[in-house]
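Every chain is numbered from 1 and lettered A, B, ... according to where its sequence line falls, protein lines coming before strand lines.
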Amino acid sequence: MFEIKVNEAGDILLSGRFDASQVGYANQFFDKVIKSTIVDFKELDYISSAGLSVLLVTQKRLSEKNQQLKLMNMNRHIQDVFRYAGFDKIFTIE
Amino acid sequence: MRKQFKRDINSLKDIFIFLDEFVVHHKLDESVSFVLQLAVEEIFTNMVKYDVQNAHAIDISLSKDADQVVIELLNPDVESFDIHKAKEYDPSRPLQDREPGGVGIHLVKKFINKIEYDYKDGISKITLIKYLEKPHV
């Protein structure tokens with residue numbers, strides 16, 4: 001199960017499994033992000049290239065206004081996915 | 001273990017259950033589990049995406065011996081497309097030059113130790129082999 005929530009500080013909290021079947025749901029949410037925002041991966045177990053694409057499109061759109069997504073608390077498997085895809089170069093990851 | 005899955009992105013839920021059963025049965029660790037999920041999702045979704053009109057199910061089989069896990073995906077009634085000939089993905093491109101897509105096969109090549117492709121009688125077969133680390137004694 002994949003869920004997107006927003007905490008009181010406005011950070012986006014991802015949880016569960018971000019796979020290709022969740023792209024529609026995720027796009028609906030990320031299309032509404034219009035400023036720099038922290039995305040917390042602490043409860044996210046899994047991401048595939050479909051999830052990466054959603055984040056890429058959002059990051060490109062935000063970068064045109066000098067805004068960005070900042071990603072944090074990835075597990076080591078998801079870190080590997082980002083590193084192999086070269087996404088560690090286009091996102092700030094804490 | 002072997003099972004057929006409807007050619008639909010929403011089959012992923014059942015595919016992950018199938019993979020979980022295999023992982024639990026063979027007591028595989030979470031690293032191997034993650035790799036199997038990612039590799040199967042990327043190949044399966046590619047098969048779905050590039051043959052939307054195809055009514056045939058996609059067959060996935062899983063096996064394990066002492067040293068490796070072997071995954072086979074059979075895609076019937078399709079044109080040949082050798083995964084080894086997929087366009088190379090460049091992970092060094094700057095943000096502005098990137099477009100969605102193309103990274104899935106690249107990730108499979110990074111996480112999986114050996115990939116084989118066969119095509120016969122309209123059936124495309126992709127075999128993914130993941131070597132298992134020997135437990136430390």
Side-chain angles (χ1 to χ4, degrees), chain A residues 1-3 15-27 30-31 36 39 41 43-71 74-93, chain B residues 5-20 23 28-50 52 58 86-112 130:
Chain A
M1 185 176 174
F2 176 60
E3 273 194 311
S15 64
R17 311 172 42 81
F18 196 171
D19 61 48
S21 68
Q22 304 300 326
V23 166
Y25 165 58
N27 274 332
F30 278 97
D31 284 350
S36 289
V39 185
F41 281 55
E43 301 296 328
L44 192 72
D45 301 319
Y46 171 89
I47 192 167
S48 65
S49 67
L52 295 185
S53 292
V54 173
L55 297 173
L56 170 65
V57 169
T58 307
Q59 187 78 329
K60 277 188 80 168
R61 179 172 52 76
L62 291 177
S63 72
E64 291 168 3
K65 297 175 182 174
N66 292 319
Q67 306 291 301
Q68 63 167 322
L69 296 177
K70 292 181 182 175
L71 316 180
M74 289 178 185
N75 70 34
R76 63 190 173 96
H77 307 306
I78 293 176
Q79 283 179 33
D80 286 342
V81 170
F82 271 73
R83 185 163 48 85
Y84 289 147
F87 274 42
D88 55 338
K89 307 284 195 303
I90 59 172
F91 286 93
T92 301
I93 301 174
Chain B
F5 296 91
K6 187 180 173 189
R7 186 180 299 268
D8 188 315
I9 294 299
N10 291 315
S11 295
L12 282 174
K13 185 178 173 187
D14 291 333
I15 289 174
F16 290 133
I17 291 170
F18 177 62
L19 293 173
D20 280 345
V23 164
L28 299 171
D29 68 30
E30 59 160 342
S31 296
V32 176
S33 175
F34 188 95
V35 170
L36 299 188
Q37 291 174 61
L38 186 80
V40 171
E41 176 182 339
E42 299 296 352
I43 300 297
F44 180 83
T45 53
N46 259 29
M47 288 175 167
V48 172
K49 222 185 308 181
Y50 293 109
V52 178
I58 293 168
K87 189 180 171 189
E88 282 295 316
Y89 172 83
D90 178 5
S92 66
R93 276 183 301 172
L95 176 63
Q96 300 314 324
D97 294 346
R98 293 187 189 228
E99 296 296 336
V103 67
I105 299 298
H106 171 78
L107 290 175
V108 174
K109 289 177 178 173
K110 286 289 185 184
F111 279 103
I112 288 291
K130 173 66 181 167

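- The closest donor-acceptor contact from the side chain of B:His106 to the backbone of A:Tyr84 lies under 3.5 Å.
- Contacts of B:Leu12 with chain A are made by side-chain atoms alone, with heavy-atom separations under 4.5 Å and no backbone atom involved.
- In this structure, chain A has no heavy atom under 4.5 Å from any part of B:Phe44.
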(request) Applying side chain to side chain contact (heavy atoms under 4.5 Å, CB included), run through B:Phe111 and A:Val81 and close with a yes or a no. (result) CA-CA 9 Å; B:Phe111 279 103; A:Val81 170; 3.8 Å; yes
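- In terms of non-hydrogen atom pairs under 4.5 Å with chain B, the most contact-rich of A:Ser53, A:Ala50, A:Gly86, A:Ser63 is A:Gly86.
- Heavy atoms only, all atoms of each residue included: A:Ser48 and B:Glu41 are closest at OG-OE2, 2.6 Å.
- Here A:Arg76 contributes atom CZ and B:Glu30 contributes atom CD; the two are 5.5 Å apart, rounded to the nearest 0.5 Å.
- Taken from CD in B:Gln37 to NE2 in A:His77, the straight-line distance is 9.5 Å, to the nearest 0.5 Å.
- Both the backbone and the side chain of B:Ser31 come within contact range of chain A, with heavy atoms under 4.5 Å apart.
- In this structure, B:Tyr89 contributes its side chain and A:Ala85 its backbone to a donor-acceptor pair below 3.5 Å.
- The minimum heavy-atom distance linking A:Ser49 with B:Val103 is given by the pair CB-CG1, 3.4 Å.
- Closest of all the heavy-atom pairs between A:Tyr46 and B:Leu38 is OH-CA, 3.3 Å.
- At least one side-chain heavy atom of A:Leu52 sits under 4.5 Å from a side-chain heavy atom of B:Leu107.
- Of the two parts of B:Gln96, the backbone and the side chain both hold a non-hydrogen atom closer than 4.5 Å to a non-hydrogen atom of chain A.
- When heavy atoms are compared at a cutoff of 4.5 Å, A:Ile47 approaches chain B solely by way of its backbone atoms N, CA, C and O.
- Residue-environment remark: OH (A:Tyr25) exceeds the threshold of 12 foreign heavy atoms within 6.0 Å.
- Summarising the geometry, atom CD1 belonging to B:Ile15 is positioned 10.0 Å from atom OG belonging to A:Ser21; distances are rounded to the nearest 0.5 Å.
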(message) Between A:Phe87 and B:Arg98, is the side chain to side chain contact (heavy atoms under 4.5 Å, CB included) condition met? List the steps.
(response) CA-CA 10 Å; A:Phe87 274 42; B:Arg98 293 187 189 228; 3.4 Å; yes
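- A:Lys89 NZ to B:Arg93 CZ: the interatomic distance, rounded to the nearest 0.5 Å, is 14.0 Å.
- Shown here for A:Leu56 and B:Pro100, the closest heavy-atom pair between the two residues is CD2-N, 3.8 Å.
- How far NZ of B:Lys13 is from CZ of A:Arg17: 11.5 Å, rounded to the nearest 0.5 Å.
- Heavy atoms of B:Leu95 lying under 4.5 Å from chain A belong to its backbone as well as its side chain.
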(request) Would you sort out whether A:Asp80 and B:Phe34 count as a side chain to side chain contact (heavy atoms under 4.5 Å, CB included), showing the intermediate values? (result) CA-CA 11 Å; A:Asp80 286 342; B:Phe34 188 95; over 6 Å; no
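- For A:Lys60, the NZ atom counts as densely surrounded, since its 6.0 Å shell holds more than 12 non-hydrogen atoms of other residues, nucleotides or ligands.
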